[in-house]
> 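A single structure is presented below for examination.
Quick note: numbers below take in every heavy atom, side chains included, and nothing from hydrogens, waters or symmetry partners. Residue numbers start from 1 in every chain, and the chains themselves are labelled A, B, ... in the order their sequence lines are given, proteins ahead of strands. Only a predicted model underlies this, so the values are computations on that prediction, with no experimental measurement involved.
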4 protein chains.
Amino acid sequence: MTSAGTPAHGTRHGRTGRPRSAEADRAILDATRDALVELGWSKLTLGDVAARAGVAKTTLYRRWAGKNELVVDAVAALFDEHLELPDRGGLQADVEGVVRQFAALLERPETKTALMAVVAESTRDPALRERIRTAIVDRQKALVLLGRERAQARGELPVETDPAAAARTADLIFDVIAGAVVHRTLVSAEPVDGAWARSFAALLVGGLTAGA
Amino acid sequence: MTSAGTPAHGTRHGRTGRPRSAEADRAILDATRDALVELGWSKLTLGDVAARAGVAKTTLYRRWAGKNELVVDAVAALFDEHLELPDRGGLQADVEGVVRQFAALLERPETKTALMAVVAESTRDPALRERIRTAIVDRQKALVLLGRERAQARGELPVETDPAAAARTADLIFDVIAGAVVHRTLVSAEPVDGAWARSFAALLVGGLTAGA
Amino acid sequence: MTSAGTPAHGTRHGRTGRPRSAEADRAILDATRDALVELGWSKLTLGDVAARAGVAKTTLYRRWAGKNELVVDAVAALFDEHLELPDRGGLQADVEGVVRQFAALLERPETKTALMAVVAESTRDPALRERIRTAIVDRQKALVLLGRERAQARGELPVETDPAAAARTADLIFDVIAGAVVHRTLVSAEPVDGAWARSFAALLVGGLTAGA
Amino acid sequence: MTSAGTPAHGTRHGRTGRPRSAEADRAILDATRDALVELGWSKLTLGDVAARAGVAKTTLYRRWAGKNELVVDAVAALFDEHLELPDRGGLQADVEGVVRQFAALLERPETKTALMAVVAESTRDPALRERIRTAIVDRQKALVLLGRERAQARGELPVETDPAAAARTADLIFDVIAGAVVHRTLVSAEPVDGAWARSFAALLVGGLTAGA
DNA sequence: TCCTAATCGAGACGGTACGTCCTGTCTTGGT
DNA sequence: ACCAAGACAGGACGTACCGTCTCGATTAGGA
């Protein structure tokens, strides 16, 4: 994965005045992750984050609109760093790989406590939903798309010619994979181990190839 | 679905004194749902709920430990009332049915804003997780188990003899169904319409029967 | 001097609910005076007062609208306790007495730093001005009126029959006495000692009796 | 009255470099007076003054230590411009004149809200007190001294030979005049009209001449 | 003509206090 | 024993100013 680090807060409002400290951004996001681990989402306070980061509260509010936006950016950085999909040689193996990778991120204490919380908030805040989508969800979805392309190249999956149908299928697969992992991890609160990943991948690959 | 309504808050500590008002319970849960619809999870306050219910805050705290527990009970009542699985004659149709039913509940504004929020809280509160499981999750899972039994009776699915393996499979199927619906509804924020339910059910049934 | 102590904040809004703590009122006013002595008007903060009083900020704001009102009440209590006018047997002696009494109050660090500050604020806040008048100024003025009555009874001053003219004269005398003491104490920043009080009283008594 | 305008802020630290803008000083003091009229002392902020003056906050802080000093200078300029004492031919008339002149200045909204505020601050800040004395009080006192000299020249007042006693008497008269006007204007919040000025002057002149 | 240095605007910075809101507990009097 | 009402201690909120700082851009006098 590439890019970002600290995603754009809009590119320089004016050209005059003291420039914003890049280090402050980094310190704030680090402090946010630390506070999430220690306190969890609901006990995390922006005043505490600012104190941990050695930064004034105003500096924090100058950059982020609130707790939701800050936490999305803090968690997004993790997804940015830790998502990749090496070619494991087959569809089943690739699905297992992506499942374990999602799970590894979701089992971190920072993301475990934060992700569903911001998703819950996003049900009443379209801007937040969009921010989650671009910062987190789309990065995950890219892996699913990549895996499908490889499977098609290998001949494991048929090539869908209608682009709308192709998009619908990709969305479906993504919801199934991401949803199953999230549900297993957060709702059922059971670990995603090798056996589960294998069973799930078998079920999915079976379903995808059954129609052929 | 049967039972509960207002599940036990422990059974009457002493025997004397004025008994608790049953109407208060109902009014509080109704007010909670109303407030969820109007304000969403994060802006809902217990003082406001008490005021809407025409009840003192003390009365509310005497019955529930906090916002999390109250909301779980308020939402659970909806799952209690609206989940059932009529026999639609085949596995594919039964899956479609359960999917649409989950989705109908998740698309209500009360549950949409509340469910992921309490799940997020539950990652740091085992008692809350247990409460969610017994009040909500297990009610959903019962439908999946029922559907499987019917499918096995019809011969659409093989009968698993090892009970541990049977439980693992049931858990997997449940995480896939519930997770996919949740992810579609809350993360992707797309509706679960007939077409999607059909595609998903086909994928799942294909996967389940592919190994045979 | 009699009455008040903690002047009315309106007499009980409703009759139900937990009654307001009378001790809190006392602790807050004590803490306010302490803070005025230590920090002065401009560095006094309501949060600090609340902390000193062992009281939540909300308790303070429930009773007073802001710093101005609180300080007026805190200072007024001093005027309430320390103003009285024993009959010293003659007009000159009575004037000296009242002058020394005003001065003694104004030279306290609490009042020195606070009184002009709230008067300054009152120039833009009629409600505050009224509060100062009833809580502080009128108590002082009563002494002047008492002194005049005694002087008239002794035959040192003529009896004014026109009540409007009598009021005008009383106002004038009051502004001269209080103004001179305030100016000497706060603007000139010189002490009001026996010599000054004697000279001032002589000047005033001379002026009052010159026309006769 | 003569002099000053913008009194020295120390005389050029180094000799090279860009010189300070004289116009900035003027703009800042004008803006300060405007802000005092609009907002009053307590709501006046230096950031707002800087913005009104079209000047950076830094420029303001380079010249004044804080709000107190700035406001003293801003109102001092008014005293500088508007105090003078034409010879009205008699002590009573001169006293009336000086009283009305003080009152006219104190009844301006800028001075009304600011003067007592800085005096209040000065009770805990000797440097500020000194600044007020030299910038404002001494200018007023000069008028009182001038009036006394004239009265002595006219034979209306005796010539005091002991210089210490003369100074004490002048201070007393000044505290009485200035104090009475301030108290009438700011505490009693009544206008200083012709009738009041006449009554007050009669009282004072009566007192001054009674001993003779 | 360049150089040096203090000025200027802009605006971000670490802080502090604000006044409001919500939490969960408590104290009333009344049922 | 329960209830409605509402005061209580505590603590986070997001905003507003404070006085300081860091920028790049002027604007002089002295070299």
> When you match A:Y61 and B:A56 each to their closest nucleotide on DNA chain F, which lands nearer the 5' end?
B:A56

> Rounded to the nearest 0.5 Å, what separation is found between the CG atom of C:L39 and the CG atom of C:D34?
10.0 Å

> Quick check on side chain to side chain contact (heavy atoms under 4.5 Å, CB included): which of C:T113, C:L115, C:T111 does D:T123 satisfy it with?
C:T113

> Would you mind reading off the distance between C:R20 atom CZ and E:dT28 atom P, rounded to a whole angstrom?
15 Å

> Do side-chain atoms of B:K67 reach the backbone of B:W41 as a donor and acceptor pair under 3.5 angstrom?
yes

> Do the side chains of C:V72 and C:E69 get nearer than 4.5 Å, heavy atoms only?
no

> Calculate, to the nearest 0.5 Å, the distance between atoms CZ and CG belonging to A:R33 and A:L44 respectively.
12.5 Å

> In whole angstrom, give the distance that lies between atom CZ of A:R52 and atom C1' of E:dG14.
19 Å

> Measure NZ/D:K67 against P/F:dC17 and give the value in whole Å, please.
10 Å

> Residues from residues 35-50 of chain B sitting under 4.0 Å of DNA chain E, heavy atoms only?
B:T45, B:L46, B:G47

> Hey, does C:W64 have a side-chain heavy atom less than 4.5 Å from the side chain of C:D25?
yes

> On DNA chain E, nearest-nucleotide positions of C:A65 versus A:V55: which is more 5'?
A:V55

> Any N or O donor-acceptor pair under 3.5 Å from the base of E:dG19 to the side chain of C:K57?
yes

> Side chain to side chain donor-acceptor pair (under 3.5 Å): which pairs involve residues 46-59 of chain C, sequence neighbours left out?
C:E38-C:R52, C:D48-C:R52

> May I have the distance from A:W64 (atom CH2) to F:dC13 (atom P), rounded to whole angstrom?
15 Å

> Can you tell me if the side-chain N/O atoms of A:R62 get under 4.0 Å from OP1 or OP2 in E:dC13?
yes

> Strictly below 4.0 Å: does C:T59 bring a side-chain N or O up to OP1 or OP2 of F:dA9?
yes

> Roughly, in whole Å, what's the span from CZ in A:R18 to P in F:dT20?
13 Å

> Rounded to whole Å, how long is the line connecting atom CZ of B:R63 with atom C1' of E:dG24?
17 Å

> How is D:G54 classified with respect to the nucleic acid when contacts are heavy atoms under 4.0 Å: base, sugar-phosphate, or nothing?
sugar-phosphate

> If you count every heavy atom of other residues, nucleotides or ligands that lies below 6.0 Å from A:E130 atom CD, does the total exceed 12?
yes

> How long is the line joining CG of C:N68 and C1' of E:dC18, in whole Å?
14 Å

> Where along residues 118-126 of chain B does a heavy atom fall under 4.0 Å from DNA chain E?
none

> Rounded to whole Å, how long is the line connecting atom CD of B:E23 with atom P of F:dA4?
11 Å

> For the side chain of D:T58, starting at C-beta, report the closest nucleotide among F:dT22, E:dG14, F:dG6.
F:dT22

> How long is the straight-line distance from OG1 of B:T134 back to CZ of B:R129, given to the nearest 0.5 Å?
12.5 Å

> Mind checking the CD-CD1 spacing from A:E121 to A:I132? Nearest 0.5 Å is all I need.
9.0 Å

